[in-house]
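Note that this is a predicted model, so its numbers are computed, not measured. Side-chain atoms are counted along with the backbone in the values below, which use heavy atoms only and exclude waters and symmetry mates. By convention in this document, chain letters (A, B, ...) are assigned in the order of the sequence lines, proteins followed by strands, and residues within each chain are numbered from 1.
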Amino acid sequence: GAGVSQTPSNKVTEKGKYVELRCDPISGHTALYWYRQSLGQGPEFLIYFQGTGAADDSGLPNDRFFAVRPEGSVSTLKIQRTERGDSAVYLCASSFLKKQGEFTEAFFGQGTRLTVV
Amino acid sequence: GENVEQHPSTLSVQEGDSAVIKCTYSDSASNYFPWYKQELGKRPQLIIDIRSNVGEKKDQRIAVTLNKTAKHFSLHITETQPEDSAVYFCAASRSSYKLIFGSGTRLLVRP
(Lines give C-alpha, C1' and ligand atoms only; values in the text may rest on other atoms or scores of the structure.)
Protein backbone atom coordinates (compact mmCIF):
# COMPACT_ATOMS: atom_id res chain seq x y z
CA GLY A 1 0.00 0.00 0.00
CA ALA A 2 0.87 3.66 -0.13
CA GLY A 3 1.41 3.97 3.61
CA VAL A 4 1.29 2.10 6.91
CA SER A 5 -2.26 0.95 7.56
CA GLN A 6 -3.65 0.16 10.99
CA THR A 7 -6.98 -1.40 11.90
CA PRO A 8 -9.21 -0.75 13.65
CA SER A 9 -8.85 3.01 13.96
CA ASN A 10 -10.77 2.92 17.22
CA LYS A 11 -11.40 0.10 19.67
CA VAL A 12 -13.44 0.24 22.85
CA THR A 13 -13.23 -2.81 25.07
CA GLU A 14 -14.20 -3.81 28.56
CA LYS A 15 -11.63 -4.31 31.27
CA GLY A 16 -10.38 -7.87 31.27
CA LYS A 17 -11.07 -8.54 27.59
CA TYR A 18 -8.58 -9.56 24.90
CA VAL A 19 -7.83 -7.30 21.93
CA GLU A 20 -5.86 -7.56 18.71
CA LEU A 21 -4.52 -4.59 16.80
CA ARG A 22 -3.37 -5.00 13.22
CA CYS A 23 -0.62 -3.27 11.27
CA ASP A 24 0.02 -3.50 7.54
CA PRO A 25 3.43 -1.92 6.79
CA ILE A 26 4.67 -0.32 3.61
CA SER A 27 5.39 -2.99 1.02
CA GLY A 28 9.03 -4.03 1.08
CA HIS A 29 9.78 -2.61 4.50
CA THR A 30 11.53 -5.28 6.51
CA ALA A 31 11.51 -3.42 9.82
CA LEU A 32 8.29 -2.92 11.77
CA TYR A 33 7.79 -1.19 15.10
CA TRP A 34 5.03 -0.76 17.63
CA TYR A 35 4.83 2.34 19.81
CA ARG A 36 2.28 3.46 22.39
CA GLN A 37 1.29 7.11 22.78
CA SER A 38 -0.55 8.31 25.84
CA LEU A 39 -2.37 11.63 25.82
CA GLY A 40 0.03 14.56 25.81
CA GLN A 41 3.11 12.35 25.59
CA GLY A 42 5.58 11.26 22.94
CA PRO A 43 5.41 7.77 21.47
CA GLU A 44 6.93 5.07 23.66
CA PHE A 45 8.76 2.14 22.04
CA LEU A 46 7.22 -1.29 22.53
CA ILE A 47 8.75 -3.78 20.09
CA TYR A 48 10.77 -4.02 16.87
CA PHE A 49 10.61 -6.72 14.22
CA GLN A 50 13.23 -7.38 11.59
CA GLY A 51 11.53 -9.75 9.19
CA THR A 52 9.52 -12.33 11.14
CA GLY A 53 11.47 -12.17 14.37
CA ALA A 54 11.13 -9.79 17.29
CA ALA A 55 14.62 -8.33 17.43
CA ASP A 56 13.89 -6.12 20.45
CA ASP A 57 10.84 -6.46 22.69
CA SER A 58 12.31 -4.54 25.61
CA GLY A 59 9.50 -1.98 25.58
CA LEU A 60 6.61 -4.37 26.16
CA PRO A 61 5.29 -3.37 29.61
CA ASN A 62 4.44 -6.88 30.86
CA ASP A 63 3.52 -10.37 29.70
CA ARG A 64 -0.05 -9.35 28.85
CA PHE A 65 1.39 -7.78 25.70
CA PHE A 66 2.54 -9.89 22.79
CA ALA A 67 3.14 -9.23 19.11
CA VAL A 68 3.65 -11.43 16.07
CA ARG A 69 4.67 -11.00 12.46
CA PRO A 70 4.44 -14.54 11.07
CA GLU A 71 5.16 -13.84 7.40
CA GLY A 72 7.37 -10.79 7.76
CA SER A 73 4.70 -8.36 6.63
CA VAL A 74 1.49 -7.80 8.62
CA SER A 75 1.88 -7.64 12.39
CA THR A 76 -0.62 -8.10 15.19
CA LEU A 77 -0.27 -6.65 18.67
CA LYS A 78 -2.18 -8.71 21.20
CA ILE A 79 -3.20 -7.52 24.65
CA GLN A 80 -4.66 -9.95 27.17
CA ARG A 81 -6.75 -9.08 30.23
CA THR A 82 -6.88 -5.42 29.28
CA GLU A 83 -6.67 -2.80 32.02
CA ARG A 84 -7.83 0.82 32.01
CA GLY A 85 -4.17 1.89 32.03
CA ASP A 86 -3.72 0.27 28.61
CA SER A 87 -5.86 3.01 27.08
CA ALA A 88 -3.71 4.89 24.56
CA VAL A 89 -3.06 5.28 20.86
CA TYR A 90 -1.04 2.34 19.54
CA LEU A 91 1.15 3.38 16.63
CA CYS A 92 2.81 1.12 14.12
CA ALA A 93 5.73 2.20 11.94
CA SER A 94 7.88 0.60 9.29
CA SER A 95 11.20 1.27 7.63
CA PHE A 96 13.79 -0.25 5.35
CA LEU A 97 17.34 -1.31 6.18
CA LYS A 98 19.38 0.86 3.85
CA LYS A 99 22.80 -0.41 4.77
CA GLN A 100 24.57 -2.01 7.69
CA GLY A 101 23.05 -0.58 10.85
CA GLU A 102 21.26 2.26 9.10
CA PHE A 103 17.52 2.43 8.47
CA THR A 104 15.45 4.80 6.39
CA GLU A 105 13.06 7.03 8.27
CA ALA A 106 10.25 5.37 10.18
CA PHE A 107 6.85 5.91 8.55
CA PHE A 108 4.00 5.85 11.04
CA GLY A 109 0.44 4.66 10.65
CA GLN A 110 -2.56 6.63 11.89
CA GLY A 111 -2.73 4.52 15.00
CA THR A 112 -5.42 2.58 16.83
CA ARG A 113 -7.06 4.44 19.69
CA LEU A 114 -7.73 1.83 22.38
CA THR A 115 -10.11 2.69 25.17
CA VAL A 116 -10.57 0.24 28.03
CA VAL A 117 -13.73 0.90 30.04
CA GLY B 1 17.88 4.53 31.23
CA GLU B 2 17.70 6.41 27.97
CA ASN B 3 15.89 9.70 28.27
CA VAL B 4 15.10 12.68 26.04
CA GLU B 5 13.96 15.96 27.51
CA GLN B 6 12.23 18.55 25.35
CA HIS B 7 11.54 22.26 25.97
CA PRO B 8 9.38 24.23 25.89
CA SER B 9 6.17 22.22 26.24
CA THR B 10 4.21 25.00 24.55
CA LEU B 11 5.36 27.79 22.26
CA SER B 12 3.32 30.61 20.80
CA VAL B 13 4.81 32.84 18.12
CA GLN B 14 3.57 35.49 15.72
CA GLU B 15 3.37 34.52 12.07
CA GLY B 16 6.69 35.31 10.38
CA ASP B 17 8.74 34.97 13.57
CA SER B 18 11.16 32.12 14.27
CA ALA B 19 10.55 29.20 16.61
CA VAL B 20 13.20 27.17 18.41
CA ILE B 21 12.64 23.87 20.21
CA LYS B 22 15.42 22.25 22.23
CA CYS B 23 16.10 18.68 23.29
CA THR B 24 18.72 16.99 25.42
CA TYR B 25 19.49 13.28 25.48
CA SER B 26 21.16 11.02 28.00
CA ASP B 27 22.60 8.17 25.92
CA SER B 28 25.99 9.28 24.60
CA ALA B 29 25.87 6.45 22.03
CA SER B 30 22.87 8.03 20.27
CA ASN B 31 23.67 8.74 16.65
CA TYR B 32 20.36 9.48 14.95
CA PHE B 33 18.08 12.43 15.78
CA PRO B 34 14.77 12.83 13.91
CA TRP B 35 12.08 15.45 14.39
CA TYR B 36 8.42 14.60 13.87
CA LYS B 37 5.40 16.85 13.38
CA GLN B 38 2.04 15.61 14.56
CA GLU B 39 -1.18 17.41 13.77
CA LEU B 40 -4.23 16.76 15.93
CA GLY B 41 -5.51 13.23 15.43
CA LYS B 42 -2.96 12.43 12.74
CA ARG B 43 0.15 10.33 12.43
CA PRO B 44 3.62 11.64 13.33
CA GLN B 45 5.46 12.68 10.18
CA LEU B 46 9.20 13.15 9.82
CA ILE B 47 10.16 16.72 8.96
CA ILE B 48 13.94 16.53 9.27
CA ASP B 49 16.60 14.28 10.75
CA ILE B 50 20.30 14.45 11.45
CA ARG B 51 22.97 11.87 12.08
CA SER B 52 25.87 12.30 14.47
CA ASN B 53 28.47 12.82 11.78
CA VAL B 54 27.10 16.29 10.95
CA GLY B 55 26.46 19.32 13.12
CA GLU B 56 23.76 21.07 11.16
CA LYS B 57 21.22 20.30 8.47
CA LYS B 58 18.82 22.63 6.71
CA ASP B 59 15.76 22.10 4.54
CA GLN B 60 14.09 25.32 3.39
CA ARG B 61 12.60 26.98 6.51
CA ILE B 62 13.61 24.16 8.84
CA ALA B 63 17.03 23.50 10.32
CA VAL B 64 18.40 21.20 12.99
CA THR B 65 21.63 21.65 14.94
CA LEU B 66 23.42 19.01 16.96
CA ASN B 67 25.98 19.44 19.74
CA LYS B 68 27.26 15.98 20.62
CA THR B 69 29.54 17.20 23.37
CA ALA B 70 26.67 18.82 25.23
CA LYS B 71 24.21 16.12 24.12
CA HIS B 72 21.64 18.51 22.84
CA PHE B 73 19.97 19.28 19.54
CA SER B 74 17.55 21.93 18.39
CA LEU B 75 14.89 22.53 15.76
CA HIS B 76 14.70 25.97 14.15
CA ILE B 77 11.72 27.05 12.08
CA THR B 78 12.03 30.41 10.35
CA GLU B 79 9.28 32.56 8.83
CA THR B 80 6.61 30.58 10.65
CA GLN B 81 3.20 30.12 9.05
CA PRO B 82 -0.16 29.16 10.62
CA GLU B 83 0.12 25.70 9.02
CA ASP B 84 3.24 25.10 11.12
CA SER B 85 0.96 24.88 14.16
CA ALA B 86 1.19 21.32 15.50
CA VAL B 87 2.94 19.23 18.14
CA TYR B 88 6.62 18.63 17.43
CA PHE B 89 8.54 15.68 18.85
CA CYS B 90 12.27 15.19 18.96
CA ALA B 91 13.75 11.72 19.26
CA ALA B 92 17.14 10.11 19.73
CA SER B 93 18.37 6.66 18.82
CA ARG B 94 21.60 4.66 18.97
CA SER B 95 20.31 2.07 16.56
CA SER B 96 18.04 3.94 14.11
CA TYR B 97 15.15 1.71 15.05
CA LYS B 98 14.44 2.29 18.73
CA LEU B 99 13.45 5.93 18.92
CA ILE B 100 13.31 7.56 22.34
CA PHE B 101 10.91 10.48 22.03
CA GLY B 102 10.69 13.72 23.94
CA SER B 103 7.38 14.75 25.48
CA GLY B 104 6.52 17.14 22.66
CA THR B 105 6.17 20.88 22.05
CA ARG B 106 2.83 22.35 21.10
CA LEU B 107 3.56 25.16 18.64
CA LEU B 108 0.93 27.77 17.94
CA VAL B 109 1.56 30.28 15.15
CA ARG B 110 -0.75 33.29 15.53
CA PRO B 111 -1.86 34.88 12.24
J.: Under a 4.0 Å N-O cut-off, is there an ion pair linking B/D27 with B/K71?
T.: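 Answer for the salt bridge query: no.
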J.: In terms of heavy-atom pairs under 4.5 Å with chain A, which of B/Q45, B/Q6, B/Q38 leads?
T.: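 It is B/Q38.
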J.: So which of A/A93, A/G111, A/P43, A/S58 has the largest heavy-atom pair count under 4.5 angstrom toward chain B?
T.: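 That would be A/P43.
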J.: Return the option, out of A/Q50, A/E44, A/Q37, with the maximum number of heavy-atom pairs under 4.5 Å with chain B.
T.: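 When all of A/Q50, A/E44, A/Q37 are compared, A/Q37 has the most.
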J.: Counting only heavy atoms not in B/Q14 (residues, nucleotides, ligands), do more than 12 fall under 6.0 Å from its CD?
T.: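 Above 12, so yes.
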J.: What residue, out of B/C90, B/P44, B/G102, B/P34, has the most heavy-atom pairs lying under 4.5 Å from chain A?
T.: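 Going by pairs under 4.5 Å, I would pick B/P44.
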J.: When you check the side-chain N and O atoms of B/Y25 and B/N3, is any donor under 3.5 Å from an acceptor?
T.: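 B/Y25 vs B/N3: no donor-acceptor pair found between side chains.
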J.: Is it true that the side chains of A/R113 and A/S9 contain a donor and an acceptor less than 3.5 Å apart?
T.: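 A/S9 and A/R113 do not have a side-chain donor-acceptor pair below 3.5 Å.
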